[in-house]
Amino acid sequence: MEKEEIKLNPAITRELGLKLLYQMILIRRFEEKSAELYTKEKIRGFLHLYIGEEAVAVGTMHSLTDEDNILSTYREHGHALARGLDPGSIMAEMYGKQEGCSMGRGGSMHLFDASKRFFGGNAIVGGHLPMAVGMALASKKQGLNNITSCFFGEGAIAEGEFHESMNLAALWGVPVLFLCENNLYGMGTALRFSHSVQDLEKKGAAYGVESAKTNGMDVLEVKNAVEKAIAYIKSTGKPYFLVCNTYRFRAHSMFDAQLYREKTEVDEWKKRDPILTFSNQLLQNELISRDDIDTIENKVSAEIQKAVDFAEAGTFEPVEDLKKFVYSP
Amino acid sequence: MEKEEIKLNPAITRELGLKLLYQMILIRRFEEKSAELYTKEKIRGFLHLYIGEEAVAVGTMHSLTDEDNILSTYREHGHALARGLDPGSIMAEMYGKQEGCSMGRGGSMHLFDASKRFFGGNAIVGGHLPMAVGMALASKKQGLNNITSCFFGEGAIAEGEFHESMNLAALWGVPVLFLCENNLYGMGTALRFSHSVQDLEKKGAAYGVESAKTNGMDVLEVKNAVEKAIAYIKSTGKPYFLVCNTYRFRAHSMFDAQLYREKTEVDEWKKRDPILTFSNQLLQNELISRDDIDTIENKVSAEIQKAVDFAEAGTFEPVEDLKKFVYSP
Amino acid sequence: MTDKTTLKITYREALKQGMHEALITNDKVFLMGEDVGRYGGAFAVSKGFLEEFGEDRIMDVPLSESGFVGAGIGAALAGMRPIVEVMTVNFSLLALDQIINNAATLLHMSGGQINVPVVIRMNSGIGNQLAAQHSHSWEPFYAHIPGLKIVSAGTHEDARGMLLTALESPDPVVIFEYTSLLNMESEIPSSSGAVDIDKAKIRREGKDLSIITYGPGVYKALAAAEILASSGIDVEIIDLRVLNPIDNETIINSVAKTHKVLIVEEAWRSVSISSEIISRIMENAFFSLDAPVERLCGIEVPIPYPKHLEDASIPQKQDIVDSALKMIQND
Amino acid sequence: MTDKTTLKITYREALKQGMHEALITNDKVFLMGEDVGRYGGAFAVSKGFLEEFGEDRIMDVPLSESGFVGAGIGAALAGMRPIVEVMTVNFSLLALDQIINNAATLLHMSGGQINVPVVIRMNSGIGNQLAAQHSHSWEPFYAHIPGLKIVSAGTHEDARGMLLTALESPDPVVIFEYTSLLNMESEIPSSSGAVDIDKAKIRREGKDLSIITYGPGVYKALAAAEILASSGIDVEIIDLRVLNPIDNETIINSVAKTHKVLIVEEAWRSVSISSEIISRIMENAFFSLDAPVERLCGIEVPIPYPKHLEDASIPQKQDIVDSALKMIQND
Ligand SMILES: Cc1ncc(C[n+]2csc(CCOP(=O)(O)OP(=O)(O)O)c2C)c(N)n1
Ligand SMILES: Cc1ncc(C[n+]2csc(CCOP(=O)(O)OP(=O)(O)O)c2C)c(N)n1
Ligand SMILES: [Mg+2]
Ligand SMILES: [Mg+2]
């Protein structure tokens with residue numbers, strides 16, 4: 001495969017290109033299907049789509065190991081898929097079936113898979129940041145070499161939990177990656193209405209936490225930035241704060257008339273679609289061909305069908321089991 | 001009086017010098033007496049002494065107007081006295097008498113005087129910062145020209161409320177002075193164990209809040225710094241963050257064996273005693289004489305005796321009134 | 001008489017009208033909360049307000065529950081009349097210290113000098129499969145706190161009118177509104193306005209059994225009453241409305257009449273409003289009882305996502321009917 | 001037999017010994033909290049621990065209740081056995097979201113995959129004239145939450161032993177300890193160790209009246225019982241110990257024996273542990289009652305600073321004696 005490496009920044013193999021593109025397409029199509037199933041009332045509750053932000057999850061997850069811990073928000077389908085959770089178990093979860101990755105108890109906002117060290121799916125904005133610090137603290141105490149990666153939106157940065165967590169992580173010197181997905185809106189509140197300082201990466205300095213920003217619409221830029229962050233964390237044992245600037249193409253959730261932004265703004269950002277961007281990069285560098293994309297689309301399409309079939313065939317927990325999982329058996 | 005101005009930095013009048021010195025001595029003696037009364041069990045509960053930090057309250061309060069709002073912590077005797085609350089009503093409050101400034105309901109940690117716009121006496125660390133922002137917001141909405149001054153310790157900066165309040169104040173552009181009394185310890189936890197970044201004034205940048213630090217052991221330096229801050233706030237309508245570096249000479253409260261610091265450290269700081277420093281400045285510049293200091297001490301001594309007499313003569317609320325002040329009449 | 005004309009509106013619209021009236025009538029009133037402005041309110045309750053009243057009076061705030069609720073309290077201290085919207089009760093835990101240690105306590109700590117005229121509105125209860133972190137019913141927490149007035153808008157009239165009365169109170173008022181009722185339509189008199197926030201209300205008179213409830217329990221109980229009526233059972237329905245301080249009198253009078261009580265509550269069972277109501281009946285009407293008071297409450301489980309488990313977690317109309325029947329038949 | 005030898009220790013010392021044993025026996029255990037290290041603990045409970053166990057195991061934390069309690073939860077998720085000390089319950093409101101929405105809920109939300117073996121200790125109740133913001137009793141809040149085990153150390157043995165058992169639980173446990181008991185001395189068996197945290201305990205057997213209580217109420221009730229005994233009245237005293245899930249059986253058996261119940265609680269009256277106990281008696285032992293259950297609770301006022309008002313805010317020994325006498329004499 002060495003011969004296939006060409007001048008992309010950074011140079012990547014065809015294999016890696018295909019893998020990353022595949023993951024982004026999988027997330028995109030999975031979520032499009034989810035939206036469709038939502039309107040069919042197969043999926044209920046809140047459904048927060050990640051469409052437009054795929055480069056962040058995919059670019060990040062690639063560099064994490066099986067031992068690393070991951071915590072995410074309610075907008076976590078992309079993270080879960082990129083982490084390798086089975087699409088069927090995610091879909092079944094959103095159907096509320098007991099074959100789901102959280103036994104159906106959690107739904108879209110609470111995807112969990114302990115075997116993949118995927119610790120949710122947390123729906124209180126900012127509420128998982130302190131836990132991430134604690135998991136990293138446990139790693140330090142146990143002499144482990146893993147890191148904890150914590151995803152959150154730019155809205156979460158206004159919460160006191162962000163502040164407390166950054167300070168604690170820096171003070172204790174623990175290996176946590178604070179990864180902010182700045183999609184410019186927290187529900188309908190634009191960045192400029194939620195933060196007095198909008199260059200969010202500047203907030204790291206208040207805690208002495210190494211910080212950087214990156215273009216969250218470009219999977220390779222994210223990958224580079226994350227690799228740098230991980231290298232720093234692993235070599236110093238200290239936290240790192242990475243801001244990925246991105247955009248959500250869809251509504252905040254399925255209940256959102258998007259009164260707070262112009263359609264032209266959305267269209268402008270769509271031109272920077274991470275999947276388009278990356279497939280063009282790969283095509284222009286002749287790493288892949290149009291056929292490869294078709295192959296991926298077909299594969300993804302089959303996988304999603306399989307996931308839906310799995311969810312459809314799933315079963316509901318009996319009502320008698322209602323009080324399960326309140327306390328350990 | 002003009003002729004009496006001499007080269008102090010800044011030049012001050014004899015009158016002002018006497019006033020500031022008097023206030024600092026009043027606070028010092030008042031608290032020494034309080035400690036004595038605590039051991040006599042006249043005062044109970046928590047008693048947090050301000051001794052060593054007098055320059056901050058006195059240097060700040062001098063520049064605030066009657067219209068400005070003040071919020072403080074549980075270590076607020078100094079602020080209350082410098083604001084002009086009657087020493088008798090404060091002492092009676094600590095005795096739990098209904099002649100106290102909070103009807104005896106609050107005690108040492110909850111001194112209030114609405115007529116002086118002195119809004120406590122708040123004992124949840126960091127809990128009053130959001131209220132301070134709200135009071136400043138109300139000023140802005142009502143087109144008032146006053147500011148809100150909020151005192152807190154360096155320990156409070158670790159709380160999420162600090163972060164949220166700084167961001168809100170900056171975002172909304174409201175006239176609040178965040179005044180941190182950095183006495184290097186929060187109970188027994190030294191600054192280096194509570195903050196990853198110990199130059200606290202650097203935290204302002206994360207919010208775009210204008211910030212500065214000053215020598216909290218020198219009343220004139222505090223006064224200068226506060227005047228600058230107030231000028232900024234009044235001309236821009238924006239918040240300001242001022243860190244006064246100071247030291248508490250006494251224990252955190254009356255239950256504290258001070259295991260966490262060396263006596264030599266305390267002694268070193270005592271050489272910078274703000275009262276000593278300021279009286280020497282005044283003496284060396286021949287603004288005042290030793291006799292003036294004696295006069296102040298005598299006056300203060302009489303006032304404190306009066307305050308104690310007032311408290312002693314005070315009365316306890318009848319038990320039947322227990323449920324008063326839960327709801328408005 | 002115009003008094004007799006009615007208006008068919010949703011609960012959402014009722015909330016909106018109340019708030020609109022408050023904003024029109026008193027220029028000290030302003031609304032602050034997450035997404036109340038540009039988004040139009042998480043539940044579209046304040047849609048259009050930003051355009052009508054401007055940024056000064058309709059303030060979008062960052063995700064900082066402790067910060068902005070505290071700021072609301074501060075603004076109230078300093079002469080304004082804030083309506084603070086906490087999007088849902090679920091996030092109010094982050095502001096609980098502000099509400100308890102400041103809003104509820106300042107009047108007392110200051111020996112009566114300082115009033116805190118703040119109104120805090122929150123959406124409460126089970127939405128529609130929103131799962132464990134987004135389905136809380138925190139009425140029991142807030143009702144425990146002296147210094148707070150806690151009201152619960154279980155009907156369209158109360159949704160329309162409670163806020164207006166709350167804004168007259170010199171003390172902090174917390175208003176619970178209900179996600180599950182937002183789209184529900186009902187007729188209210190077109191003249192509806194401020195309502196008292198002191199007393200419980202008998203929503204239906206009856207003689208066989210008292211059903212005491214609040215919030216989403218009210219319409220469920222009324223629907224159950226219709227079914228029971230067709231079996232010849234005549235239940236009285238009390239909507240508590242005010243959860244702190246609780247109106248004992250209305251409860252005790254009803255027990256004296258029916259001698260049997262069923263309590264319906266969506267919050268978790270242990271240490272709840274229903275516990276308190278049972279205690280007050282024990283203390284004040286024990287000898288009026290023909291049988292032990294019973295209650296239908298939220299099952300003690302974090303609310304599960306799937307519809308069938310969510311439904312099973314809280315009392316439903318049919319559960320009320322069944323329990324009532326059993327209580328009457330045990331006679 | 002060494003089993004019979006006893007040790008006279010303060011409640012503080014009992015807490016300290018329990019924690020010391022935990023730290024010695026399990027190297028996954030560590031203590032984190034404000035001032036637990038260099039200061040020696042706000043109440044001197046962990047004095048000397050830092051020197052003995054080092055910084056890794058005795059961690060001073062900044063004033064960041066949400067942050068460090070959440071970090072404790074995270075550390076528990078990732079294989080450690082943290083003891084998180086929240087200096088007093090008063091500050092725990094700032095961490096309530098972490099405790100409820102994370103610690104109590106993760107097991108359920110994850111469909112049973114994720115345990116949260118964290119122990120959270122808090123000092124509770126009225127200290128000594130610490131006024132409104134520093135005198136809370138939050139047992140009623142925590143006991144409302146499914147997923148948490150809530151225990152209350154009302155005696156020296158429980159102060160010594162509850163922590164050890166809590167550290168065996170796969171689920172989160174909150175331990176209430178009491179400021180007002182810290183300096184009190186009592187004899188405990190020198191062999192005292194882990195105690196069950198499932199059942200209530202009869203602290204004194206009696207036949208005339210059941211007094212149900214927890215926390216600082218236990219010793220007060222025992223003292224009252226002595227006085228009552230001298231008037232020939234024989235009361236049974238139940239220490240609830242476990243506030244969630246509550247042990248119904250012990251309560252119901254006692255009611256079946258005495259037919260009369262007085263509940264003693266320091267927390268505010270409305271929506272409290274006592275409300276719940278009354279409800280359970282109503283539901284399970286109504287026909288055993290000779291008279292309505294009565295309760296002595298915290299008066300519903302933010303706790304005032306002056307001693308005489310503070311004392312009047314919570315039930316005192318004499319109040320228990322008076323109420324018991326009245327209940328017996330009304331026979
Ligand atoms: C503490 C809290 N407050 C409010 C909400 C309601 N809410 C859910 S998502 C959201 C916006 C969050 O924005 P951001 O952090 O930028 O994440 P994004 O949704 O853009 O990915 C809000 C306000 C919540 N879930 N938790
Ligand atoms: C939220 C909260 N947590 C803990 C405490 C207990 N406590 C009281 S004062 C204090 C130290 C505060 O330090 P700092 O802010 O520096 O103020 P200082 O006492 O030094 O003036 C602590 C931990 C409290 N009152 N509130
Ligand atoms: Mg966002
Ligand atoms: Mg300090």
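Below, chain A is the first sequence line, B the second, and so on; all start at residue 1.
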Quiz item: So what's closer than 4.5 Å to chain B heavy atoms on D:His308: side chain, backbone, both or neither?
Solution: both

Quiz item: Considering only heavy atoms, which portion of D:Ser64 lies under 4.5 Å from any heavy atom of chain B: side chain, backbone, both, or neither?
Solution: both

Quiz item: What are the two closest heavy atoms between B:Val326 and D:Pro302, and how far apart are they?
Solution: CG2-CD, 4.0 Å

Quiz item: Where does B:Asp321 contact chain D at under 4.5 Å (heavy atoms): side chain, backbone, both or neither?
Solution: neither

Self-check item: Side chains of D:Leu309 and B:Arg105 in contact at under 4.5 Å (non-hydrogen atoms)
Solution: yes

Quiz item: Relative to chain B, which segment of D:Met59 carries a heavy atom at a distance below 4.5 Å: side chain, backbone, both, or neither?
Solution: neither

Quiz item: Between D:Asp60, D:Asn128, D:Leu130, which has the largest tally of heavy atom pairs under 4.5 Å with chain B?
Solution: D:Leu130

Quiz prompt | Interface moiety of B:Leu47 toward chain D, non-hydrogen atoms closer than 4.5 Å | solution = neither

Quiz prompt | Main-chain N/O of B:Arg44 paired to D:Gln129 side chain as donor or acceptor, under 3.5 Å | solution = no

Self-check item: Residue part contacting chain B, namely of D:Ala42, when any heavy atom lies under 4.5 Å
Solution: both

Quiz item: So do the side chains of D:Arg38 and B:Arg261 get within less than 4.5 Å of each other, counting heavy atoms only?
Solution: no

Quiz item: Closest approach of D:Glu65 and B:Glu159, non-hydrogen atoms and distance?
Solution: OE1-OE2, 2.7 Å

Quiz item: Can any side-chain N or O of D:Tyr305 pair as donor or acceptor with the backbone N or O of B:Met94 at less than 3.5 Å?
Solution: yes

Practice problem: Measure B:Met109 against the heavy atoms of chain D and call it side chain, backbone, both or neither at under 4.5 Å. | Solution: side chain

Quiz item: Closest approach of B:Ala158 and D:Pro62, non-hydrogen atoms and distance?
Solution: CB-CB, 3.7 Å

Quiz item: Side chain, backbone, both or neither: which part of D:Leu50 has a heavy atom under 4.5 Å from chain B?
Solution: neither

Exercise. Decide side-chain contact (heavy atoms from CB on, under 4.5 Å) for D:Val61 and B:Phe193; before the verdict, give the C-alpha distance in whole Å, the side-chain angles of both, and the deciding distance to 0.1 Å.
Key: CA-CA 7 Å; D:Val61 304; B:Phe193 299 119; over 6 Å; no

Quiz item: Can you tell me how far OG1 of B:Thr189 sits from CD of D:Glu34, rounded to the nearest 0.5 angstrom?
Solution: 7.5 Å

Self-check item: Interface residue of largest heavy-atom contact number with chain B, from D:Gly67, D:Pro306, D:Ser313, under 4.5 Å
Solution: D:Pro306

Practice problem: Measure B:Ala156 against the heavy atoms of chain D and call it side chain, backbone, both or neither at under 4.5 Å. | Solution: backbone

Practice problem: Side-chain contact test, heavy atoms from C-beta onward, threshold under 4.5 Å: evaluate it for D:Leu63 versus B:Ser194 and give yes or no. | Solution: no

Quiz item: chain D heavy atoms under 4.5 Å from B:Glu317: which part of the residue, side chain, backbone, both or neither?
Solution: both

Quiz item: What part of D:Asp35 gets closer than 4.5 Å to chain B, counting heavy atoms only: side chain, backbone, both or neither?
Solution: both

Quiz item: Between B:Tyr95 and chain D, which part of the residue has a heavy atom less than 4.5 Å away: side chain, backbone, both or neither?
Solution: backbone

Quiz item: What part of D:Glu310 lies closer than 4.5 angstrom to a heavy atom of chain B: side chain, backbone, both or neither?
Solution: neither

Quiz item: Between B:His252 and D:Tyr39, how do the two ring planes meet: parallel, tilted or perpendicular, split at 30° and 60°?
Solution: perpendicular

Practice problem: Select one option (side chain, backbone, both, neither) describing which atoms of D:Lys47 are under 4.5 Å from chain B's heavy atoms. | Solution: side chain

Exercise. Compare every heavy atom of B:Glu161 with every heavy atom of D:Leu94, then report the nearest pair and how far apart it is.
Key: CD2-OE2, 3.6 Å

Quiz item: So which part of D:Ile299 gets closer than 4.5 Å to some heavy atom of chain B, the side chain, the backbone, both or neither?
Solution: side chain

